[in-house]
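Sharing a structure, written as structure tokens. Questions coming.
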Amino acid sequence: MGIAKDVRRAARDVRKAAALIRKAVVSRQAKLSVKHALKARGPLPEGEFRIAVYFADGDVNMYQVRQWYRPLAELAQTHPVVIMSRAATGAAAILKDGELPVAFVPTVGDIERFLGQQDIRIVLYVNQNTRNFQMFRYGERWHVFINHGESDKMYMTTNQYKAYDYALIAGQAARDRLSRTLWDYDLDRRTIEIGRPQADHYSGALPYTPDDRTVVLYAPTWEGDRPAALYGSVRSHGEAIVEGLLATGRHRVIYRPHPRSGVVDHDFGAANQRIIAAIAAANAADPGAHHVYDDGPELGWQLAVADVAIVDISAMVYDRLAAGKPILITRPADERAQIDEGGYLGACEWLTVEGAADIVAEVERVQADPEASARLRHWVTHYFGDTTPGVATARFHAAIDQLMATWDQWNAKGLQGADVLD
């Protein structure tokens, strides 16, 4: 028994060592890619940008910034926007996407040089990376948390909200959630409701020709890195969900796993690979089925086209909720996973491990149940307000204009103070 334990430990050590080597190689290649791309592009014009998106992550978390590309590109028509990227793999991916200008600022010195060349008045943050703190040191500008999605995960009520000057939130549900959790936080002054502007910019071409099949999107999250966040369903629900739907001949599966699937739990990653293989085998057996394993950068068409979506407790719940179409949410198999049932998760359509074994019936139920449809309409409004196309984008632009006007007011006070000192 002791020998077996030693063998398992040695195997884990080998995997970790191999992962570190791969990471080093990828990082070096990314740095070379960024260097060549920036040389070909040339320097950014000085004094061009007043809004920066600060992104300290690598390519594994690109989904967090990619969903903002189109809303930010539209905003840039009025207020030019640049992405300040700290990690080489992230910068390489953003440069390759080519959606917005990029400043590669791996060191604090690089940040200071860039800020010296630009008139950055608003810095937007899409996540809670600990390196955000390095950017907070620079005053005379607004630091604004815009997040990468809306959800009822504990991530959405972290005390880190207080580190930002302002936060752009989706709607009343976010306001209620923060008011329950954050002590001595001035919600009225420091938060601005904007809905979900990403929903006005769903994009991407369908990789198949629509037919009479029922399209089911299964978009699970990763395994999580602590007991309270064990929301991932790939290992507990996933194989039963996908195998059950593949077998009918009446369904088309779009499988979009989280890009971090398997980074912590090897068995979770193995289950993910088996699902991908099952989809490939089903397409080989029936090419007309056009099941989709989706690992592409664009998120939007999947949410819009699916007749039913199956998601874990994650921002994907609310990405789909904004589309206003039927949704099943996997109930975590691990009882340690923390679930906030004070909002939508207290009235949603749960999919348990047992329910996953009868997935076809569950999909049909959530499509046909009028009470489920009525509940869905109520919660869409509660989380996002008016979801009429274009309204959220207008609110986003109005929020930025408001922050710019407030910046002007504070800047004027600073200039007056400088005159007094002189």
So, K325 side chain and R320 main chain: donor-acceptor pair closer than 3.5 Å or not?
-> no
When D200, T393, V81 are each screened for side chain to side chain contact (heavy atoms under 4.5 Å, CB included) with E74, the one that passes is T393
Please find out if less than 6.0 Å separates the ring center of H143 from that of Y138.
->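 Distance test on ring centres: not under 6.0 Å, no.
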Side-chain heavy-atom pair R175, E193 within 4.5 angstrom cut-off = yes
In short, S33 meets A92 closest at the heavy-atom pair OG-CB, 4.2 Å
NZ/NE/NH1/NH2 to OD/OE distance under 4.0 Å, R260 and D225 | no
Any side-chain heavy atom of H291 within less than 4.5 Å of one from I254?
-> no
Do any N or O atoms from the side chain of T406 and from the backbone of Q402 form a donor-acceptor pair under 3.5 angstrom?
-> yes
If you round to the nearest 0.5 Å, how far is OH of Y185 from OG1 of T191?
->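 T191 atom OG1 to Y185 atom OH measures 6.0 Å (nearest 0.5 Å).
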Does one side chain, of N132 or Q128, offer a donor that lies under 3.5 Å from an acceptor on the other?
-> no
What pairs with Q134 under side-chain contact (heavy atoms from CB on, under 4.5 Å), at least two apart in sequence or on another chain?
-> Y54, R86, V108, R131
What heavy-atom pair brings L187 and S179 nearest, and what distance separates the two atoms?
-> CD1-CB, 3.3 Å
Does a side chain donor of either D294 or Q302 reach within less than 3.5 Å of an acceptor in the other side chain?
-> yes
Should D267 and R235 count as side-chain neighbours, where that means a heavy-atom distance under 4.5 Å?
->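 They are in side-chain contact.
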Apply the test side-chain contact (heavy atoms from CB on, under 4.5 Å) to residues F145 and T158: give CA-CA distance (whole Å), side-chain angles for both, the deciding distance (0.1 Å), then the verdict.
-> CA-CA 12 Å; F145 185 50; T158 169; 6.0 Å; no
Distance-only donor-acceptor check, side chains Q117 and E46, under 3.5 Å | no
Does any N or O in the side chain of E223 come within less than 3.5 Å of the main-chain N or O of V263, such that one atom is a donor and the other an acceptor?
-> yes
Is there a side-chain contact between D57 and F55 (heavy atoms, below 4.5 Å)?
-> yes
Does a donor on one side chain sit under 3.5 Å from an acceptor on the other, for D312 and H237?
->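 No donor-acceptor contact under 3.5 Å links the two side chains.
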K162 atom NZ: more than 12 heavy-atom contacts under 6.0 Å | yes
Please check if the distance between the ring centroids of F396 and W68 is under 6.0 Å.
-> yes
Indicate yes or no: does D295 engage R256 in a salt bridge with an N to O separation below 4.0 Å.
-> no
Where the side chain of T352 meets the backbone of G355, is there a donor-acceptor pair that is under 3.5 Å apart?
->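 Yes, the answer is positive, given that a donor and an acceptor are paired below the 3.5 Å cut-off.
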Quick one: are P332 and I313 in side-chain contact, heavy atoms under 4.5 Å?
->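 Contact flag for P332/I313 side chains = yes.
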Is R331 salt-bridged to E341, going by a charged N under 4.0 Å from an acidic O?
-> yes
Centroid separation F136 to Y164 less than 6.0 Å = yes
Separation between CD1 of I51 and CD1 of I122, rounded to the nearest 0.5 Å |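 Nearest 0.5 Å value for the CD1-CD1 distance: 4.5 Å.
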Search all heavy atoms of V353 against all heavy atoms of A333 and return the closest pair with its distance.
->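 Minimum heavy-atom contact is CG2-CB, 3.9 Å.
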With distance as the sole test, does Y383 use its side chain to make a donor-acceptor pair with the main-chain N or O of A174 at under 3.5 Å?
-> no
Spatial distance of atom OH (Y293) from atom CD1 (I279) [nearest 0.5 Å] =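 It comes to 9.0 Å.
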Residue pair E99 / R70, side-chain heavy-atom distance below 4.5 Å = yes
Taking atom CD of E112 as the centre, does the number of heavy atoms from other residues, nucleotides or ligands within less than 6.0 Å exceed 12?
-> yes
Under 6.0 Å from the CH2 atom of W350, do we count more than 12 heavy atoms belonging to anything else shown?
->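 Atom CH2 in W350 is packed in, count exceeds 12.
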Expected output: side-chain D186 to main-chain R189 donor-acceptor under 3.5 Å |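 Flag set: sc D186 to bb R189 pair under 3.5 Å.
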Are Y255 and Y218 close enough that their ring centers fall under 6.0 Å?
->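 Aromatic pair counts; centres sit under 6.0 Å.
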Validation row: I194, I169 side chains within 4.5 angstrom (heavy atoms) | no
Indicate yes or no for a side-chain donor-acceptor contact from Q118 to the backbone of G47 under 3.5 Å, with no hydrogens or angles considered.
->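 Checked: pair present.
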Donor-acceptor contact below 3.5 Å, side chain T181 vs main chain L178 = no
Please examine the side chains of E349 and E362, heavy atoms only from C-beta on, and report whether any two atoms are closer than 4.5 Å.
-> no
Would a distance-only check, ignoring hydrogens and angles, find a side-chain to backbone donor-acceptor pair under 3.5 Å from R141 to I120?
-> yes
Might you point out which heavy atoms bring S314 and T221 nearest each other, and give the distance in Å?
->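 Between these two residues, the closest heavy atoms are CB-CB, 4.0 Å.
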Apply side-chain contact (heavy atoms from CB on, under 4.5 Å) to the pair V308 and Q367, showing each step before the final yes or no.
-> CA-CA 7 Å; V308 175; Q367 284 185 284; 3.3 Å; yes
Do R274 and E239 meet the salt-bridge criterion of a basic N to acidic O distance under 4.0 Å?
-> yes
Could you state the interatomic distance from OH (Y63) to CG (N61), rounded to the nearest 0.5 Å?
->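 One gets 5.0 Å once the value is rounded to the nearest 0.5 Å.
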Salt bridge present between D307 and R213 (N-O < 4.0 angstrom) |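 Not counted as a salt bridge, because no side-chain N and carboxylate O are separated by less than 4.0 Å.
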Taking the six-membered ring for Trp, is the centroid-to-centroid distance between W142 and Y166 below 6.0 Å?
-> yes
Is a side-chain N or O of H148 found less than 3.5 angstrom from the main chain of V126, in a donor-acceptor match?
->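 Side chain of H148 to backbone of V126: a pair is present.
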After noting the C-alpha distance and the side-chain angles of D165 and R190, does the key distance pass the salt bridge (charged side-chain N to carboxylate O under 4.0 Å, His left out) rule?
-> CA-CA 7 Å; D165 297 301; R190 298 180 63 181; 6.0 Å; no
Are the charged groups of R196 and E150 less than 4.0 angstrom apart, N to O?
->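 No.
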Step by step, work out the salt bridge (charged side-chain N to carboxylate O under 4.0 Å, His left out) result for R121 and D408.
-> CA-CA 9 Å; R121 302 182 178 188; D408 287 335; 3.4 Å; yes
Look up atom CG in L376 and atom OG1 in T381, then write down how far apart they are to the nearest 0.5 Å.
-> 9.5 Å
Taking atom types as modelled, find out whether D110 and T107 have a side-chain donor-acceptor pair closer than 3.5 angstrom.
->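 Result is yes, a qualifying pair exists.
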side-chain contact (heavy atoms from CB on, under 4.5 Å) between V253 and V292, intermediate numbers included = CA-CA 6 Å; V253 174; V292 180; over 6 Å; no
